[in-house]
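Structure first, then comments.
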Amino acid sequence: MSTTDAYRRFRRRLLVTMTMLALLATAVVAWQLLSSARDREQAIRQQTQHYARAIEAQVLSAIQLSDIALLGFANAIKVAPYTPQTIDALLSSRGATFGGSFWITFLDPNGFAIASSRDIPVKGINYVDRDYFKAHLQPGNQLHVGEPTHGRISKSRLFFLSRRVENAKGEFLGVIVAPIDASSLAKTFENSRLSDDVTVTLFHTNGHIVARAPLFEQTFNRDIHDSNLFRAFANAPIGTIDTVSPIDNLSRIASYRKLPNLPLVVSVGSSSIGLALISQRQFLIASAALFLIFLLIAAVILYALRSFAAAEERQRRYRALYSSSVETEKKLASSEQRLRLIADNLPIVIAYLDRDEHYTFKNRRFTENYGDCDSLQHALPAALYAETKPHLDRAFTGQTVYFERRIRRKDQECCDAITYVPDRDQDGNVIGLFIMAEDISERKRHEESSKLASLMYENASEGMMVTDADGRILSVNAAFSQISGYQPEEVIGHLAYEFTSSHQDIKFYSRMRQTITHTGYWEGEIWHQHKNGDHYLVSLRFNTVFNDKGHALRHVALFTDITKKKASEEAIWKQANFDTLTGLPNRRMFNDRLRHEIKKAARDQLPMALVFIDLDGFKAVNDTLGHDFGDILLKQVAERLLQCVRNADTVARLGGDEFTVILSELKEPGDVVRIVQEILHCLARPFQLKHEVAHISGSIGISLFPDDSSDAEVLIKNADQAMYLAKRQGRNRFNYFAPFMQEASQMRIELANELRSALKNKELRLLFQPIRNLVNGRVDMAEALIRWEHPQRGLLKPAEFIGVAENTGIIPAIGEWVFQEAAALAASFGDGFKVCVNKSAWQFRHEAVGVEHWLELLREQALSPRSMVIEVTEGLLLEANREVVQRIQSLRDAGLQISLDDFGHGYSSLNFLKRFKIDFLKLDTSFSDNQLLCEAIVAMAHKLDIRVIAEKIETDDQLGILMAAGCDFGQGYLFGEPISAEKLHHLLISQ
């Protein structure tokens, strides 16, 4: 190795530099490890917080469902005769099983159980020692949530919801209790867990666990007073902590939330073991990377030191060689140096060419232009050499030759001016040529540009105008005259602004002039006035030409008439982005604005909401009044929606009767509810459609960013699901999206798959509810009611699966099975007996009613068509389109009788009764308490030769009112609950 001072200085600097690099690499790796660990921990905290909010919504939903049942039965007990038999009948007769997740029990004022909705032996057992009974001994109507405990009879793990029941005078009648099976909550928690290291816990504020997933059996009713989680909850109702679980002694990050106005707390924990494993793995990887970096630095140091030593040795030898030859070179170069210095700094090519066409002298400019060539033939391409050869021959004859030639140099087309000057010897013979070549490409381009500019100026399709510094017109082209109508002699000498329109004010022109003065440029759109007085819009561009001193010399204006183009573009843009009927943004613009608002909300960290609106009753308006009235209604709906939102919000129409509202920059959560309630209120007001008045409402779904999703498509889908839930819950209301809707959707899909195989597996059943003749007391008719004997869920009523059957297209097969089964059984009930069969409204809308096939079945059973009564709903007649009318008329023509179900439930019309020749009218239960109204309806039906059937008769008082009104038939639990065909047959024999 070298030992010179330079080598030692280089080695010292190299070691310092590489050491600093090693320290920097170590610091970067350490910072990256720490940052990664912090990001992972923050992600787990946010995940548990979102999860806790979702679990809170699930628990609230379960408790609200139970509380609704408590309130309903409490109100029913208040108005019913207060006897154990009445209360027992009230709880048991309606089959209130509530899906198995809870049941209802009633305790008298002394704490004895006297009735229960579940078939368990609780009657007579005293529960006076229970906390939920003691809590209601004092007046009050609050919901009480009891602590977790084991059921005294069922031995199940339960916690209790209860309410105090009073009569109208405020006297204490007892306590209505809903025991909730904590295991069902634990199953829900278990299904909601995203991974095995997640725990979900619901505990009472008294410190006892109600439900937990996992380890529910081991942790039920366990006391967690001494846990960090309980102590944290005591300080704040919502939070996230690092803790060690007392259940499994694992370290977790846990988020907890107290349920509003309830003594319950939900918590979600996620194990931090994964964080530690990731940190350990990253540490090993980082250590390996640092080790490799240190090895690389050491190798670089060794290589650099060896290379420096070798370079020093070569340099020492070169210096010695140079010292020996420098004196010789100075002598040879001294005479040539001055000449080359002059030649190399000339802006033109200088060279000397001998008779053999070899270059004996070339300056620096020659090398730059033609390269390091030794002869003329090598310097030029073959074609260019052939073009130059005649000029060269003339020069060698003794003539001074000048010519121009084009050459491609550095991928550019250039033009050189060549001069050959002959060099003669003492005898006058030409021994060589002095060559001078000048690049005149720029001058040629200027000449061509001037010619081209003149042609373009005169033949351009754009109008052009040149003015002096004060704006006085100096010249215009032909396009100017064609666009403006003015000839050149009419405008030259005038100020340019004299030909503009009055559409812009003086401030506009002042700003325009200031811009041109300061920048020398202006571009925009401006209105001009044609010679004939018409106004037209032009796209104008001003440029300024400056003199050598930087002062404005000329202004050049270019403009194009864009009046038609602008109008066309605006029309196309409106058609592509706005609804032609309402003027609101259409689906395309709505999607663009939604994505824009999502990006804006993410940037500003402000929440936003998407509101999905579907009009209730719009189809009825369209079908009854016509599409013209429907269009008027949609326009008025759009106007009302715009009045309900803020200026920053977006209202759009997606199509049909579907509207959306984007609520952006929400600073208060209450803004969403306030706006949505205002929308519902506005839509519920009557609409004046010319001479008609229409009544509609709205069903609204709401999804929130970023809580529900950060993707536009998912937000739309979630809001749509929430809207459909609002519609199913009764319409004219709104719903927020919640994760359980996804679960419900999945359950409906599973139910539809099971329903497809139910017919094959013979799981469907028919029950018959007797319809009694109120004049002679005989059972002359019965309504066929379908039931599904589900293998796991037990006996299901139509409300639990018919909607799924209609939405999935299974209803035609089910309807056909019901008719076949009912017809086969009706033959055994005797002549004159009628069986009522419900026909789904979906079948009338989407398929042809198989009348011929039904008549063939009746002939095979030797059964008269009048033995079958087809029940349709009043809502179906309200649609009354051509297909529905034809299908109902086909039933009439075949001899089948028609019964109108739920009369008075919707928009009743006497025209329907006359138009469709109804045989039976089923009176809605809401009229059974009003004798005058019942008498009026029955009298009207009898006048139209229609017999009246009263539904859902449950009390003797209702029966008395209906019989006094002259009602023909009655059905309900007062006469008996739905029974099998065999029991109905025995009933008919015994009467």
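Computed from a prediction, not measured in an experiment: that's the story for all the values here.
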Sequence neighbours left out, what pairs pass ring pair (Phe, Tyr, Trp, His ring centres under 6.0 Å) with at least one residue falling in [range]?
| range | result |
| --- | --- |
| residues 387-409 | His391-Phe403, Phe403-Tyr420 |
| residues 625-653 | Phe629-His691 |
| residues 638-664 | none |

With side-chain hydrogen bond (donor to acceptor under 3.5 Å, both in side chains) as the test, pick out the partner of Thr582 among Asn586, Asp579, Thr580.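 Of the listed options, the one satisfying the test is Asp579.
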
May I ask you to decide if [Y]'s main-chain N or O and [X]'s side chain share a donor-acceptor pair within less than 3.5 Å?
| X | Y | result |
| --- | --- | --- |
| Asp671 | Leu666 | no |
| Asp416 | Ala437 | no |
| Glu692 | Leu689 | no |
| Asp354 | Asp356 | yes |

Which residues share a side-chain contact (heavy atoms from CB on, under 4.5 Å) with His596, sequence neighbours left out: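 Here no residue qualifies.
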
Can you list everything that forms a ring-ring contact (aromatic ring centres under 6.0 Å, His included) with [X]? Sequence neighbours excluded, please.
| X | value |
| --- | --- |
| His681 | none |
| Tyr385 | none |
| Phe618 | none |
| Phe546 | none |

I need the full list of salt bridge (charged side-chain N to carboxylate O under 4.0 Å, His left out) pairs touching residues 625-647, with sequence neighbours left out, sorted by first then second residue.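 Residue pairs with at least one partner in residues 625-647: Arg646-Asp649.
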
Salt bridge (charged side-chain N to carboxylate O under 4.0 Å, His left out) pairs, two or more places apart, involving residues 585-600: Arg595-Glu713, Lys600-Glu665

Within this structure, what is the [atom1]-[atom2] distance for the pair [X] and [Y], rounded to the nearest 0.5 Å?
| X | Y | atom1 | atom2 | answer |
| --- | --- | --- | --- | --- |
| Ile613 | Ile702 | CD1 | CD1 | 9.5 Å |
| Leu433 | Arg355 | CG | CZ | 8.0 Å |
| Ile348 | Ile440 | CD1 | CD1 | 12.5 Å |
| Asn577 | Leu584 | CG | CG | 13.0 Å |
| Ile675 | Leu663 | CD1 | CG | 4.5 Å |
| Phe590 | Arg653 | CZ | CZ | 14.5 Å |

Do Glu357 and Lys389 sit within salt-bridge range, that is, some charged N less than 4.0 Å from a carboxylate O?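 A salt bridge links Glu357 with Lys389.
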
Assert yes or no for the condition that the ring centre distance of Phe434 to Tyr352 is strictly below 6.0 Å.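 Between Tyr352 and Phe434, which both carry aromatic rings, the centre distance is below 6.0 Å.
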
Donor on one side chain, acceptor on other, His358 and Ser375, under 3.5 Å: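 No, because no side-chain N or O of His358 sits under 3.5 Å from a partner of the opposite role on Ser375.
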
Check: residues 601-612 side-chain donor-acceptor pairs under 3.5 Å, at least two apart:
none

Under the salt bridge (charged side-chain N to carboxylate O under 4.0 Å, His left out) rule, collect the residues that match up with Glu523, sequence neighbours excluded.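 Glu523 satisfies salt bridge (charged side-chain N to carboxylate O under 4.0 Å, His left out) with no other residue.
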
For His378, I'd like to know if atom NE2 has over 12 heavy atoms of other residues, nucleotides or ligands within 6.0 Å.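 Check fails, neighbour count at 12 or below.
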
